2 protein chains.
Amino acid sequence: MAERKENSTNSVNRKCIVESNDLSYAIDMVGGRWKLLILVNLEKKKLRFNEIRKAMSSITERMLTLQLRELEADGLISRTVYAEVPPRVEYELTEISTELIPIWKKLCAWGARHRKARA
Amino acid sequence: MAERKENSTNSVNRKCIVESNDLSYAIDMVGGRWKLLILVNLEKKKLRFNEIRKAMSSITERMLTLQLRELEADGLISRTVYAEVPPRVEYELTEISTELIPIWKKLCAWGARHRKARA
DNA sequence: TGCGGAACTAACAAAAAAGTAAGTATGGCC
DNA sequence: GGCCATACTTACTTTTTTGTTAGTTCCGCA
C-alpha cells in the first residue's frame, strides 16, 4: 500500500497538538494562582514555611501547604526538615524549577509593560 | 524627623512584591486551563470559532466562548465578524499577545524536556 | 503545670470553574 | 415548509479550588 503523502496542514496540526501537550503539562505543573508566585519567592534564597507565608500575605496556611506539597511531588521544590524544636523546614528551588526563572522574568516584564499601559 | 535608612532585606522584599504584582497580573490574563492553549492555536494564523474548537478537541463550546470573550476583553485577541450567512467570525492574536509567543515557546520547551524525563 | 512557637492536618463550607444539554438567529437551498 | 450550517446563549449540574476554623506535635522554659 502506498503511504499517503501528508499535506502541510496536517503536519502543522500535529505539531500544534504536540506543543499543546507540552504546554498543558507545563500548565499543570506551574499553573494556578499560587505556584509561580511561590517559586518566585524562592528565587533569591531558600525560605522557611512562615517566611513564604509572610512574603505572600494573601495566601492561607492551608493553600500554602497544599501548593508546597504539589510542587514538591512534581520536583519543583525541595523540602528539608531540620530535627529541631520548634521545627524548621526549608524550601528551595530545584534544578528543574531554576530553569523556569527566565520564563517568569519575561512574564513579569510583560505584565509590567501592560499593567502600566492601562492603569 | 530623620528618615529611616533602608536595609537590603526591605528592598529585596519590595522588589519581590512588585514582581509578584506584575506576575499576578500576567497570571490573571493568561492563566487557567485554556487561555494559553487557545493563543497557541492562533499563533500561525487566524482561525474561526469552529476551527479552534476542532483543534482543541477537549474544550466545550461554552468554555471556548467564555475564554474567547475574556481574551478579547483583555485585548489578547481580536474578533472580526463577517456579515455572512451562516456567520463567519475570525479570531487572531493582537500585538500584546504576540509578545507572549517566545514565552510560551520556552514553556513548551521546558515541558517537553521534563515530560520526557519522566514518562 | 501550662504556655509558646513552627509547621502542619482535618473537617467542613463557600465560591469559582467547568461540563451538559437544549435553544436561538439568519438566509440559502431542495 | 423544513433542513442545513455557524456561532453562539441560557439554564442547570457537577467538579474543583479556596477559605475558615480548630486541632496536633514536640520540647524547652517560667
Side-chain angles (χ1 to χ4, degrees), chain A residues 20-21 23-42 45-74 76-93, chain B residues 20-21 23-42 45-74 76-93:
Chain A
S20 288
N21 287 336
L23 191 55
S24 292
Y25 174 83
I27 291 172
D28 261 25
M29 287 292 156
V30 299
R33 260 230 264 314
W34 303 117
K35 287 184 177 174
L36 267 184
L37 259 14
I38 292 172
L39 294 177
V40 165
N41 275 283
L42 296 173
K45 57 177 161 63
K46 57 176 123 169
L47 292 178
R48 305 176 58 169
F49 185 87
N50 275 330
E51 289 175 322
I52 305 176
R53 202 165 63 93
K54 274 164 207 156
M56 304 175 59
S57 50
S58 61
I59 198 171
T60 63
E61 284 194 358
R62 195 182 97 94
M63 270 303 109
L64 183 53
T65 306
L66 289 175
Q67 301 299 316
L68 287 172
R69 289 284 172 283
E70 286 186 26
L71 287 167
E72 194 197 352
D74 290 336
L76 299 183
I77 57 174
S78 69
R79 178 173 181 269
T80 312
V81 184
Y82 295 88
E84 303 173 0
V85 168
R88 179 161 62 101
V89 181
E90 290 185 339
Y91 295 92
E92 62 185 313
L93 298 186
Chain B
S20 287
N21 286 337
L23 190 56
S24 292
Y25 174 83
I27 291 172
D28 260 25
M29 287 294 156
V30 298
R33 260 229 267 309
W34 302 116
K35 287 184 178 174
L36 266 185
L37 260 12
I38 292 173
L39 295 177
V40 165
N41 275 283
L42 296 174
K45 57 179 162 65
K46 57 176 121 169
L47 293 178
R48 304 175 59 169
F49 184 87
N50 275 331
E51 290 175 321
I52 305 176
R53 200 165 64 92
K54 275 164 207 156
M56 304 175 59
S57 50
S58 61
I59 197 171
T60 62
E61 284 194 355
R62 196 183 97 96
M63 271 302 110
L64 184 54
T65 306
L66 289 175
Q67 301 298 115
L68 288 171
R69 289 284 172 283
E70 286 185 28
L71 287 167
E72 194 195 354
D74 291 335
L76 299 184
I77 57 174
S78 71
R79 178 173 181 270
T80 312
V81 184
Y82 296 88
E84 304 173 357
V85 167
R88 180 161 61 102
V89 181
E90 289 185 339
Y91 295 91
E92 62 185 314
L93 298 186

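So that the names make sense, note that chain A is the first sequence line, chain B the second, and so on, each numbered from 1. Just so we're clear, the structure is a prediction, and the values are computed from it rather than from any experiment. Note: hydrogens, waters and symmetry copies are ignored here, and every other heavy atom, side chains too, is used.
- Side-chain proximity of A:V85 to D:dA7, D:dC26, D:dT20: nearest is D:dC26.
- As rounded to whole Å, 15 Å separates atom P of D:dT15 from atom CE of B:M63.
- The interatomic distance linking B:L68 (CG) with C:dA18 (P) rounds to 14 Å, in whole Å.
- Picking from C:dA6, D:dT6, C:dC12 the nucleotide with the shortest atom distance to the side chain of A:P87 gives C:dA6.
- Listed pair A:N50 / C:dA7 meets the phosphate criterion, a side-chain N or O lying under 4.0 Å from OP1 or OP2.
- Distance check: A:T60 OG1 to A:Q67 CD gives 9.0 Å after rounding to the nearest 0.5 Å.
- One finds the OG atom of A:S78 at 8.0 Å from the CD atom of A:E72 (value rounded to the nearest 0.5 Å).
- Taking atom CD1 on A:I59 and atom P on C:dC8, their separation rounds to 13 Å, with Å as the unit.
- When the nucleotides C:dA7, D:dA7, D:dG19 are ranked by their closest atom to the side chain of A:R79, C:dA7 comes out on top.
- To the nearest 0.5 Å, atoms CG (B:L93) and NZ (B:K46) are separated by 11.5 Å.
- Under 4.0 angstrom from either OP1 or OP2 of C:dA15 there lies no side-chain N or O belonging to A:R33.
- Proximity of A:Y91 to the phosphate of C:dA6: no side-chain N or O atom is located under 4.0 Å from OP1 or OP2.
- Position along DNA chain D of the nearest nucleotide to A:W34 versus A:E61 favours A:W34 as the more 5'-ward residue.
- For B:P86, counting side-chain heavy atoms from C-beta on, the closest listed nucleotide (D:dC8, C:dA6, D:dT6) is D:dT6.
- Taking atom CD on A:E70 and atom P on C:dC8, their separation rounds to 15 Å, with Å as the unit.
- Here the nucleotide nearest the side chain of B:T65, chosen from D:dC8, D:dA5, C:dA7, is D:dC8.
- Residue B:R48 holds its CZ atom at 6.0 Å from CZ of B:R88, rounded to the nearest 0.5 Å.
- Note: CZ (A:F49) to C1' (C:dT9) measures 11 Å, nearest angstrom.
- For B:Y82 and C:dT26, the shortest distance from a side-chain N or O to OP1 or OP2 is not below 4.0 Å.
- When rounded to the nearest whole Å, the span between CG of A:L66 and P of C:dA7 equals 17 Å.
- Distance from the side chain of B:Q67 is smallest for C:dA18 among the nucleotides C:dA11, C:dA7, C:dA18.
- Taking atom CZ on B:R62 and atom P on D:dT6, their separation rounds to 22 Å, with Å as the unit.
- Within the 4.0 angstrom heavy-atom criterion, no nucleotide atom of any strand lies near B:R53.
- Atom-to-atom distance recorded for A:K54:NZ and A:L47:CG is 11.0 Å, nearest 0.5 angstrom.
- Counting non-hydrogen atoms under 4.0 angstrom, A:R48 reaches the backbone sugars and phosphates but no base.
- Protein atom CD1 of B:I52 is 13 Å distant from nucleotide atom C1' of D:dT6, rounded to whole Å.
- For the atom pair CD1 of B:I52 and CD of B:E90, the computed distance is 10.0 Å after rounding to the nearest 0.5 Å.
- The nucleotide whose nearest atom lies closest to any side-chain atom of B:R69 is, among D:dT9, D:dA5, D:dT18, D:dT9.
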